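Along the sequence shown, the residues carry numbers beginning at 1. Note that the structure is predicted; figures quoted are calculated from it, not measured.
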Amino acid sequence: MHVQIPYGSVARTITVPEQATILHSHSIPPLKDERETFFKSLQNPIASVPLVNRLSANDRVAIVISDITRPTPNERIVPWLLEALSFIPRSQIVILNGTGSHRANTRDELIQMLGREIVDSVEIVNHNAFAPEELVLLGDSASGVPVWVNRRYLDADFRIVTGFIEPHFFAGFSGGPKGIIPGLAGIQTIQALHSAPLIGDQHSTWALLEGNPIHQGIQDAVRLCPPEFMVNVTLDQERHITGVFSGDYIRAHYIGCAEVARTATQAVPRPFDIVITSNNGYPLDQNLYQSVKGMTAAAQIVRQGGAIIAVAECRDGLPEHGNFKALLQMREDPASLLDMINQPGFQMHDQWQAQKQALVQIQADVYLHSSLSDDVVRAAQLLPAPDLQATLDQLIQRYGPDPSIAILPEGPVMVPYVAAPAATV
């Protein structure tokens, strides 16, 4: 049978055996009227009074958004927010692009994200985790993490964080407090919350909040600088909004996460020999760094010694900015890379992504079908798969005569897991 797998802005078609298992998220119908539902949510928020009742015309407002590595529909929700805040002059509003430790987004990218009218009429600031003069140290969180946060965020009278909720490969779920930290955090804070022991903890994983030390660390840090209001959405494959969760940034986020957990996780009875995954296309697969997420989703259900084929365009390279590329080239194999990262005192931003990739590679061979050259793929310690179909056919021969195969067309949007065996009596 033929299966389409998202790849950049298009799709790759692959022929798989009829007995292959295709795992999709549960279909949720998009909202009939996104705008109407959005405004109703602002008027009837979760654990909060209505948004407009909490503001005055004199307030200075900060709106925090996700950067271009996330598919958040900023081009819709930000204009709606500004419409709801129309009684506040735009000169008193700043949009903070929560880049975390990612690169700044260009003007063209901001126009793509928000529309030209907003880019031309509202101040937009790219967060810079590496600029101490743009940050404020608030002290240590309850988890002992030094909390450095964007100064412009702290200067606002009223702070609104936006975002979208999906499973996250080590923080449990995206959205909620993550929009603030790491979104607007300094690099010291980001590194502390992405340390090797935390990343390696078995509870730092997909679709888990309770007992997740990274989620707990993020919550503890954000308690020192909480947003006054949150607006998060859930999405379908076409970026249609399926739900709006606004109000208290903890309570509303938990309710949204529970809804996502119901629709975006799926049990399988046993691990597979071969798992084909995507990173759900652009913008999620714009570079290899982001595409590690799809690999870790596949690792949930691939057997030890099996194979993963990751389909990700990587139009932005590994990327060239940051330390991810350098980290992958500091050791010759995944095991040595993990040894280096786990050494006491080792600290280098982006190490968490290299660590997650290496942990997947300890479990299975990882092939990458992308726009990157074979040499670049090999330098990233992965196996090139320029011909996607040929790679699968070779693996079927290797694991034959009838290997078990799973396909995750949506990659990290749908998180599979191996069900615990039923208890015997």
Side-chain angles (χ1 to χ4, degrees), residues 59-70 72 74 78 92-107 109-110 113-114 122-163 168 170-171 174-196 198-199 213-230 249-250 289 319 321-324 345-353:
D59 284 332
R60 296 168 302 160
V61 178
I63 299 174
V64 185
I65 65 170
S66 309
D67 73 2
I68 201 168
T69 64
R70 305 295 189 263
T72 311
N74 292 311
V78 174
Q92 294 168 208
I93 298 175
V94 61
I95 297 174
L96 301 174
N97 189 23
T99 58
S101 61
H102 306 160
R103 65 170 174 83
N105 295 149
T106 66
R107 174 178 167 82
E109 288 172 332
L110 292 171
M113 292 162 57
L114 295 164
V122 182
E123 182 184 10
I124 302 174
V125 175
N126 279 304
H127 172 67
N128 187 347
F130 306 93
E133 69 278 5
E134 298 179 17
L135 306 169
V136 175
L137 176 61
L138 298 179
D140 287 352
S141 71
S143 303
V145 171
V147 181
W148 289 87
V149 180
N150 185 286
R151 184 181 299 275
R152 293 296 301 276
Y153 171 78
L154 297 173
D155 286 345
D157 300 312
F158 196 89
R159 302 169 295 206
I160 302 171
V161 63
T162 66
H168 189 275
F170 56 73
S174 66
K178 280 186 90 277
I180 308 303
I181 293 177
L184 296 180
I187 190 60
Q188 298 97 322
T189 304
I190 294 171
Q191 288 177 324
L193 288 168
H194 294 65
S195 67
L198 290 181
I199 292 293
I214 293 180
H215 173 71
Q216 186 60 56
I218 289 171
Q219 276 204 338
D220 289 344
V222 176
R223 284 193 180 97
L224 299 184
C225 53
E228 280 71 33
F229 201 84
M230 183 199 86
Y249 79 99
I250 293 178
Y289 177 98
H321 57 273
N323 293 325
F324 182 59
F346 182 87
Q347 190 176 74
M348 190 172 180
H349 84 265
D350 292 337
Q351 70 185 52
W352 46 88
Q353 215 80 349

Tyr289: partners by side chain to side chain donor-acceptor pair (under 3.5 Å), with sequence neighbours left out: Trp352

side-chain hydrogen bond (donor to acceptor under 3.5 Å, both in side chains) pairs, two or more places apart, involving residues 179-194: none

Contacts of Glu109 that satisfy side chain to side chain contact (heavy atoms under 4.5 Å, CB included) - sequence neighbours left out: Ile68, Arg103, Asn105, Thr106

Spacing of Phe158 atom CZ and Ile63 atom CD1 [to the nearest 0.5 Å]: 10.5 Å

Side-chain (Gln351) to main-chain (Met348) donor-acceptor, under 3.5 angstrom: yes

Residue pair Phe324 / Asp350: nearest heavy atoms and the distance that separates them: N-OD2, 3.5 Å

Taking every non-hydrogen atom, the tightest pair across Val64 and Gly179: CG1-O, 3.6 Å

Nearest non-hydrogen partners of Gly100 and Ile190, listed with the distance: C-CD1, 3.8 Å

Pairs satisfying salt bridge (Lys or Arg N to Asp or Glu O under 4.0 Å), at least one member in residues 140-161, at least two apart: Arg60-Asp157, Glu123-Arg152, Arg159-Glu228

Any Pro177 side-chain heavy atom under 4.5 Å of Val161 side chain: no

Side chain to side chain donor-acceptor pair (under 3.5 Å) partners of Asn126, counting only residues at least two apart: Asn97

For Trp148, ring-ring contact (aromatic ring centres under 6.0 Å, His included) partners two or more places apart: none

All ring-ring contact (aromatic ring centres under 6.0 Å, His included) counterparts of His168, not counting sequence neighbours: Phe170

Pairwise side-chain contact, Val78 with Val122, heavy-atom cut-off 4.5 Å (strictly under): no

Residues in side chain to side chain contact (heavy atoms under 4.5 Å, CB included) contact with Ala192, at least two apart in sequence or another chain: Val145, Pro146

Atom pair CD1/OG of Ile218 and Ser143 - distance to nearest 0.5 Å: 10.0 Å

Backbone N/O of Thr69 and side chain of Asp67: donor-acceptor pair under 3.5 Å: yes

Close side-chain approach of Leu193 to Pro182, heavy-atom, < 4.5 Å: no

Shortest non-hydrogen contact from Ala62 toward Leu96: CB-CD1, 4.1 Å

Min side-chain heavy-atom separation His127-Leu135 under 4.5 Å: yes

Nearest heavy atoms of Ile187 and Ser101, plus distance in Å: CD1-CB, 4.0 Å

Residues in side chain to side chain contact (heavy atoms under 4.5 Å, CB included) contact with Ser66, at least two apart in sequence or another chain: Arg70, Thr72

Shortest non-hydrogen contact from Pro226 toward Tyr153: C-OH, 3.4 Å

Pairing residues for Ile124 by the side chain to side chain contact (heavy atoms under 4.5 Å, CB included) criterion, not counting sequence neighbours: Ile95, Leu110, Leu114, Val119

Asp220: salt bridge (charged side-chain N to carboxylate O under 4.0 Å, His left out) partners, not counting sequence neighbours: Arg223

